[in-house]
Amino acid sequence: MELRVIGCHGGETPKHRTSAFILDERLAIDAGSLTSGLEVEGQLKLEGCLVSHAHLDHIRDLATLADNRCQMGAPPLIVAGTRETIRILRQHFFNNELWPDFATIPTPDNPTIRYLELSPENPAPLAGCNVRAIMVSHTIESAAFVIETPGGAIAYSGDTGPTDRLWQVLDEQPNLRALLMEVSFPNREQRLATVSGHHTPQTLRADLKKLRRPQDLPTLLYHIKPVFQAEVERECAALEGVSLEVMKIGDQFLL
Ligand SMILES: Nc1ncnc2c1ncn2[C@@H]1O[C@@H]2COP(=O)(O)O[C@H]2[C@H]1O
């Protein structure tokens, strides 16, 4: 399993890109920087895109991705998420006002994107994988995904603060190679993290400790706010009993 990091930050500057990852060149996980960080050739290879939640920093490049793929006559891209996420995409994003409705363009029978509604906890096939949504805890509906491939499984959490169900599911998941996990603010910004539904290093550690053996799960961190990058990295490096690595743009992991 090859994981590519296209964007892994909770904000944007010329050196920071919003969340987007690619598994085995076929499956995108969130779409924050899928066109700003990926050449057209890579954009064309995608078969599906998992969308954890509908906040702009996780969906915005779906707009330019759809436009590019439509012009190239690409097959429909499967955009998968939970019911509320798909509703927001339809109603507020691809709504023929903010952006054209690429679920009916160029034709309703052969559109640029097709939506796949994921029912929480129920696996569905997508881009050669089996994907399962698990609800996490953010300011709007947000999901984690367990993604099973023939070569093993990974998990990805969308934006979340402290949550419970995810850790039970991961404890039971065989062949789990890694967890891609959010951490956003430093400990001194705990109030902001709490109101905006995010982790600080201290709440992240407390949540990971809900696993039976957190030290055995490689935990790849993303979504640090650019303004706080160095401080959050320092605080994460000081955490014990967990196995953390902060992801960087351009990282490639063979899992
Ligand atoms: N109450 C708040 N006060 C300040 N910033 C906020 C508040 N709620 C949300 N935000 C910011 O808005 C951002 C929206 O995307 P995120 O959830 O990644 O992170 C959120 C915070 O950085």
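First listed ligand is number 1; within each ligand, the first listed atom is number 1.
- Applying the 4.0 Å criterion to heavy atoms of Asp57 picks out, from ligand 1, the atoms 18 (O).
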Determine, stepwise, if the pair Glu231 / Arg188 fulfils salt bridge (charged side-chain N to carboxylate O under 4.0 Å, His left out).
CA-CA 10 Å; Glu231 191 176 356; Arg188 70 185 164 90; 2.6 Å; yes

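- Proximity annotation for atom 9 (C) of ligand 1: of Ser142, Ser196, Gly10, Ser196 comes nearest, heavy atoms only.
- Atom 16 (P) of ligand 1 has its closest protein heavy atom at His198 NE2, 3.2 Å.
- For ligand 1, the atoms closer than 4.0 angstrom to any heavy atom of Asp159 are 17 (O), 18 (O).
- A donor-acceptor pair is defined here as one N or O able to donate and one able to accept, closer than 3.5 Å; such a pair exists between the side chain of Asp61 and the backbone of Thr35.
- The aromatic rings of His138 and His53 sit perpendicular to each other, their planes meeting at more than 60°, with 30° as the lower class boundary.
- Ring geometry, Phe102 versus Trp99: the interplanar angle falls from 30° to 60°, so the pair is classed tilted.
- Short contacts between ligand 1 and Val195, defined as distances under 4.0 Å to a heavy atom of the residue, involve ligand atoms 1 (N).
- For atom 1 (N) of ligand 1, a protein non-hydrogen atom is found at a distance below 4.0 Å.
- Counting non-hydrogen atoms of neighbouring residues, nucleotides and ligands closer than 6.0 angstrom, the CZ atom of Arg165 exceeds 12 such neighbours.
- Here is the list of ligand 1 atoms found below 4.0 Å of a heavy atom in His223: 18 (O).
- Relative ring orientation between Tyr222 and His58 is described as perpendicular, the plane-to-plane angle rising above 60° on a 0-90° scale split at 30° and 60°.
- Close approach of ligand 1 to Phe185 (heavy-atom distance below 4.0 Å) involves ligand atoms 22 (O).
- Residue Leu208 is tested with Leu239, Leu170, Val242 for a side-chain contact (heavy atoms from CB on, under 4.5 Å); the sole match is Val242.
- The heavy atom nearest to atom 13 (C) of ligand 1, considering only Glu189, Lys225, His9, is found in Lys225.
- Put simply, atom 11 (C) of ligand 1 has no protein non-hydrogen atoms near it, under 4.0 Å away.
- Here is the list of ligand 1 atoms found below 4.0 Å of a heavy atom in His138: 17 (O).
- Counting heavy atoms only, Leu192 comes closest to atom 6 (C) of ligand 1 of the residues Leu192, Thr18, Thr160.
- Evaluated for a side-chain contact (heavy atoms from CB on, under 4.5 Å) with Tyr115, the options Ile78, Ile86, Thr85 yield exactly one hit, Ile86.
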